[in-house]
Amino acid sequence: MSQTTQSPADAPSDEAVAKERGSRAALWRKGLQQGLAFGTLVVLLLFFSIASNNFFTWSNISGILLATAVIGILALGTTFVITTGGIDLSIGTGMTLAAVMTGIVAVNLGLPLIFGVLAGIATGALMGLINGINVAYLKLPPFIATLAMMMVAQGLALVISGVRPIYFSGVPGFKDIALGTLIPSLPNAVLIMFILAAVAYFLLSKTVFGRYTVAIGSNEEATRLSGVNTNRWLVTIYTVAGVFTGIAGVVLAARLDSAQPQLGVGYELQAIAAVIIGGTSLLGGRGSIVGTLIGALIMSVLINGLRIMSIQTEWQNVVVGVVIAIAVFADSLRNRRGL
């Protein structure tokens with residue numbers, strides 16, 4: 001019986017073997033981080049359910065999911081930006097400005113609801129576009145560029161609204177965007193978040209857009225030298241993130257049935273914390289959509305649980321700040337140890 005032997009030409013190269021090992025290690029690291037995040041979520045659920053009998057009621061769980069929808073949608077878009085090694089501080093006030101623009105078009109101008117929704121989404125996309133241009137072409141540090149946009153959006157929301165809330169009570173069907181139930185017992189806001197999560201997962205893991213997002217975060221200069229127009233892709237990435245911000249603004253306005261021009265500050269920190277908790281690296285080159293969803297749930301459960309336990313708002317802010325610090329420290333530790 002003849003025995004088939006593998007010729008040297010058929011044997012995998014050292015480079016291919018190293019690449020395969022690196023891919024397996026990356027998957028293992030992502031799975032480990034997601035597992036740790038999910039474990040943290042389970043521990044929080046158990047703790048708050050023991051601490052308060054009112055925690056595991058359907059009305060409270062529904063409230064948590066609705067709160068997660070807004071933070072989650074913001075965090076999904078921010079995942080792309082942070083994966084490039086950037087940051088976006090403007091998503092909170094940008095969401096508010098998108099909600100205000102939705103109100104201006106649908107309420108003040110009296111145009112059909114669809115135009116109001118599109119105006120809100122377009123507002124977020126325009127902000128993302130400007131952020132991308134500032135970062136990619138003007139070479140402003142992402143922190144500074146988006147901090148400036150945060151202040152601009154906050155000011156515009158107050159000026160355009162006249163520092164007064166805009167109520168959608170006269171706009172039929174608007175509230176149903178968030179609180180309606182196409183699927184029984186599942187608010188539409190949560191359904192929108194899950195649909196957007198599926199879209200974000202596809203974009204990040206199955207498309208050229210996702211590959212270039214990761215590549216830019218891993219080594220922007222090497223990506224540019226390989227022939228990729230990194231400036232154009234950065235603008236595209238920030239614009240896509242802005243679309244998510246605009247959608248979050250519409251969902252928030254629908255949930256409250258109003259556009260509150262003074263709301264929004266602080267949402268960006270919760271969203272960024274959700275992204276980092278979920279395993280996306282602040283240094284770029286690694287992103288996880290599933291992890292971001294888990295991180296958003298952790299932030300919502302934590303805030304809701306503290307409120308259920310009647311913890312004062314001041315101490316709630318302290319706890320959230322500590323969680324953000326721990327998340328950033330853990331990310332730094334992972335990067336130092338190569339995990």
Side-chain angles (χ1 to χ4, degrees), residues 21-44 68-88 91 142 190 192-220 223 233-234 237-238 240-241 243-245 247-248 268-302 323-324 326-339:
R21 288 177 179 174
S23 178
R24 289 178 179 176
L27 288 174
W28 181 85
R29 289 194 297 266
K30 181 181 289 188
L32 175 63
Q33 179 59 29
Q34 290 178 2
L36 290 173
F38 184 74
T40 301
L41 176 61
V42 171
V43 169
L44 285 175
T68 304
V70 174
I71 297 174
I73 293 171
L74 285 177
L76 289 171
T78 308
T79 301
F80 295 111
V81 172
I82 294 180
T83 301
T84 66
I87 198 74
D88 191 348
I91 54 177
V190 181
I192 291 171
M193 179 185 68
F194 286 140
I195 291 173
L196 290 177
V199 172
Y201 179 84
F202 177 78
L203 287 176
L204 189 60
S205 61
K206 304 295 182 181
T207 66
V208 173
F209 173 87
R211 288 197 293 273
Y212 285 162
T213 298
V214 174
I216 290 172
S218 298
N219 193 323
E220 183 178 350
T223 304
W233 280 104
L234 275 172
I237 291 164
Y238 275 88
V240 168
V243 170
F244 280 81
T245 299
I247 295 174
E268 68 280 346
L269 298 181
Q270 295 180 36
I272 292 170
V275 175
I276 304 306
I277 290 171
T280 298
S281 174
L282 269 175
L283 297 181
R286 184 174 70 241
S288 171
I289 297 299
V290 175
T292 292
L293 276 182
I294 296 173
L297 280 168
I298 288 174
M299 295 303 298
S300 296
V301 168
L302 178 62
V323 169
I324 293 173
I326 292 174
V328 174
F329 173 74
D331 177 65
S332 176
L333 194 63
R334 287 198 306 270
N335 288 316
R336 288 202 299 267
R337 295 185 176 182
L339 295 177

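Numbers here are sequence positions counted from 1. Note that the structure is a prediction, hence the values are computed from the model and not measured.
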Should I87 and L282 count as side-chain neighbours, where that means a heavy-atom distance under 4.5 Å?
-> yes
Kindly compute the distance separating CG (L203) from CG (L76), expressed to the nearest 0.5 Å.
-> 10.5 Å
Where is the tightest heavy-atom contact between P142 and Y238, given as atom of each residue plus distance?
-> CB-OH, 3.6 Å
Looking only at heavy atoms, which two atoms of Q270 and M299 are closest? And how far apart?
-> O-CG, 3.8 Å
Output for pair (T292 OG1, I71 CD1), nearest 0.5 Å, gives 12.5 Å
First locate atom CZ of R211, then atom CH2 of W233, and finally report the distance between them rounded to the nearest 0.5 Å.
-> 9.0 Å
Closest contact, heavy atoms only, A274 versus A75 = CB-CB, 4.2 Å
Rounded to the nearest 0.5 Å, the CG atom of D88 sits from the CD1 atom of I272 at a distance of 7.5 Å
With T280 as reference, evaluate T78, T79, V81 under the side-chain contact (heavy atoms from CB on, under 4.5 Å) test and give the passing residue.
-> T79
Side chain of T223, backbone of A215: donor and acceptor closer than 3.5 Å?
-> yes
Determine whether V190 and T68 make a side-chain contact, defined as any pair of heavy atoms from C-beta on separated by less than 4.5 Å.
-> no
Quick one: pull up CG in L297 and CE in M193 and give me the separation to the nearest 0.5 Å.
-> 6.0 Å
Run the numbers on F209 and V240 for side-chain contact (heavy atoms from CB on, under 4.5 Å), then give the verdict.
-> CA-CA 10 Å; F209 173 87; V240 168; 4.0 Å; yes
Give the ring-plane orientation class for F80 versus F244, where under 30° counts as parallel, over 60° as perpendicular and anything between as tilted.
-> tilted
Closest heavy-atom pair and its distance - L293, A197 | CD1-CB, 3.6 Å
Below 4.5 Å, heavy atoms only, C-beta onward: do V290 and I294 meet side chain to side chain?
-> yes
Check against side-chain contact (heavy atoms from CB on, under 4.5 Å), V323 and I277 = CA-CA 9 Å; V323 169; I277 290 171; 3.9 Å; yes
Which residues share a ring-ring contact (aromatic ring centres under 6.0 Å, His included) with Y201, sequence neighbours left out = none
Residues in side-chain contact (heavy atoms from CB on, under 4.5 Å) contact with T245, at least two apart in sequence or another chain = L74, I91, M95
Roughly how far, to the nearest 0.5 Å, is the CG atom of L41 from the OG atom of S300?
-> 10.0 Å
Close side-chain approach of I276 to I82, heavy-atom, < 4.5 Å | yes
